[in-house]
Protein chains: 2
Amino acid sequence: MATRGDKRTRLVKAADKLVQRQGYHATSLADIAAAAGVPLGNVYYYFRSKEALGDALIGQRGEHYRARRATWDREPDPKTRLRAFVEMTVENSTLLARSGCPIGSLCQELHKQGGPLAEAASGMFAEFLDWLEMQFRALGKGAESRELAVHVMSALQGATLLTHSFRSPRYIESEARRLKAWIEAL
Amino acid sequence: MATRGDKRTRLVKAADKLVQRQGYHATSLADIAAAAGVPLGNVYYYFRSKEALGDALIGQRGEHYRARRATWDREPDPKTRLRAFVEMTVENSTLLARSGCPIGSLCQELHKQGGPLAEAASGMFAEFLDWLEMQFRALGKGAESRELAVHVMSALQGATLLTHSFRSPRYIESEARRLKAWIEAL
DNA sequence: GTCTATAGGCAGATAGAC
DNA sequence: GTCTATCTGCCTATAGAC
């Protein structure tokens with residue numbers, strides 16, 4: 001049901017889903033309000049502007065990924081944690097083929113104009129890069145760790161963009177196979 | 001001067017520049033007309049719709065990249081041709097940091113909604129992938145060539161997205177170094 | 001071929017009754 | 001806290017004079 005939970009939560013959830021599918025600019029507050037079962041005018045009781053709702057959306061998305069990484073951190077082996085990250089992308093490949101990466105596509109769109117919302121979106125990237133770097137440090141890679149983190153993130157983001165552009169999971173699958181072999185050989 | 005050349009050409013050039021900087025949806029026909037020094041109403045004498053102008057823009061961008069690849073094809077060594085491709089990204093890294101990849105960012109945006117314009121945009125990706133595959137075949141990589149082509153494209157697209165998201169050439173430089181060493185070792 | 005004026009629609013945001 | 005009605009502005013696209 002679109003009408004479960006309090007209205008603020010429903011608005012953020014609806015915004016999250018619609019922005020992922022349609023993009024930030026292409027999603028109107030009327031779309032979001034309708035999907036959340038909230039009258040348009042009432043949106044402004046909870047959020048002073050579309051940007052404020054966007055910020056809440058990014059906050060929730062960031063929290064989602066933090067929780068995800070926390071479950072991976074329970075694994076004792078850093079290589080297992082890295083594999084889990086790659087595997088997440090493979091598992092989501094159907095969704096990624098339809099709408100692209102929730103982080104990457106939002107950054108791409110928002111950074112064309114810049115502003116605080118764009119910075120908030122790249123924050124999600126920064127957190128993932130920091131987490132990846134930590135895994136490589138745990139593997140004893142030292143100063144090289146940041147570069148290795150950038151490599152993993154780049155390969156997956158690029159493959160996700162191709163998967164989105166051709167609407168086929170093939171590209172993610174191909175790069176994931178390669179990355180998993182590369183992790184094994186580290 | 002914004003007013004050189006015939007009006008149709010000026011409109012496509014202005015559209016190309018503004019769409020690269022601001023994105024397709026965020027760029028209005030009024031923006032484009034003003035930048036080209038053409039009255040808004042006159043745009044519709046040359047293009048029946050914004051989509052038609054977008055299509056011409058993509059056609060021109062595609063032609064630009066075909067010409068680029070043609071110059072690389074004059075190199076006898078396939079590895080040199082691959083290096084030239086990677087090097088193009090490094091040379092453009094300042095522009096890519098500000099606005100993202102002209103192909104990747106357009107695909108990301110247009111494929112959220114789908115339609116013929118989105119397909120035209122992915123066509124530019126497809127042509128680059130075919131070209132890359134040819135280089136690996138020339139290096140005797142056989143059936144594996146497509147996968148290698150996808151790897152190069154993914155790594156560069158992902159690194160470009162990070163460079164755009166953090167407004168720093170660092171990510172492209174890091175991945176380019178890695179890719180060039182990888183090409184050398186093929 | 002060129003340009004002005006404007007239609008028609010939808011966006012974000014607000015006023016104010018309840 | 002909630003909701004309807006509406007303001008204002010920008011967008012694509014068109015009408016029609018020149």
Side-chain angles (χ1 to χ4, degrees), chain A residues 1-58 106 109-110 112-118 120-121, chain B residues 1-58 106 109-110 112-118 120-121:
Chain A
M1 282 286 271
T3 46
R4 287 281 166 86
D6 63 75
K7 294 190 177 178
R8 204 194 129 93
T9 305
R10 265 153 48 203
L11 284 167
V12 176
K13 275 191 182 167
D16 188 55
K17 183 177 164 185
L18 288 173
V19 167
Q20 151 92 22
R21 286 209 184 188
Q22 307 177 337
Y24 178 78
H25 291 300
T27 302
S28 70
L29 288 173
D31 288 342
I32 295 166
V38 172
L40 176 57
N42 204 352
V43 171
Y44 288 90
Y45 177 75
Y46 297 98
F47 302 97
R48 75 173 73 148
S49 66
K50 185 182 181 182
E51 193 178 20
L53 176 49
D55 198 61
L57 177 178
I58 291 171
L106 194 62
E109 183 179 3
L110 295 179
K112 290 252 174 183
Q113 338 279 337
L117 218 53
Chain B
M1 281 286 271
T3 46
R4 288 281 166 85
D6 64 75
K7 292 190 179 176
R8 204 194 127 94
T9 306
R10 265 152 49 202
L11 283 167
V12 176
K13 274 192 183 166
D16 188 55
K17 182 176 164 184
L18 288 172
V19 168
Q20 152 92 20
R21 285 208 185 187
Q22 307 176 338
Y24 178 79
H25 290 300
T27 302
S28 70
L29 288 173
D31 289 341
I32 295 167
V38 172
L40 175 58
N42 204 352
V43 171
Y44 287 89
Y45 177 75
Y46 297 98
F47 302 97
R48 76 175 72 153
S49 66
K50 184 181 183 183
E51 193 178 21
L53 177 49
D55 199 60
L57 176 177
I58 291 170
L106 194 62
E109 181 179 4
L110 295 180
K112 290 251 174 184
Q113 335 281 336
L117 219 53

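In the text below, chain A, chain B and the rest are named by the order of the sequence lines, each starting its count at 1.
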Exercise: identify the closest heavy-atom pair between B/Val19 and A/Lys112: O-NZ, 3.8 Å
For the student: nearest non-hydrogen atoms of B/Tyr24 and B/Gly54, plus distance: CE1-CA, 4.2 Å
Contact state string [nucleotides 13-18 of chain C, B base, S sugar-phosphate only, - no protein heavy atom under 4.0 Å]: BB----
Between D/dC11 (P) and B/Leu53 (CG): distance, integer Å: 15 Å
A/Asp55 versus A/Ala120, closest heavy-atom pair with distance: OD1-CB, 4.0 Å
Distance, rounded to the nearest Å, where B/Leu11 contributes CG and C/dG1 contributes C1': 14 Å
Under 4.0 angstrom between B/Tyr45 side-chain N/O and C/dG1 OP1 or OP2: yes
d(CZ, A/Phe47; C1', D/dG1) in whole Å: 15 Å
Given DNA chain C, 5'-ward residue of the pair B/Asn42 and A/His25, judged by closest heavy atom: B/Asn42
Inter-residue atom distance A/Arg8.CZ - A/Asn42.CG, 0.5 Å rounding: 13.0 Å
Sugar-phosphate, base or nothing in reach of A/Tyr46, heavy atoms under 4.0 Å: sugar-phosphate
Contact list for residues 28-50 of chain A, test salt bridge (charged side-chain N to carboxylate O under 4.0 Å, His left out), sequence neighbours left out: none
Any B/Ser28 side-chain N or O less than 4.0 Å from OP1/OP2 of D/dC11: yes
Minimum heavy-atom distance between A/Gly37 and A/Arg10, given as atom pair plus value: O-NH2, 3.3 Å
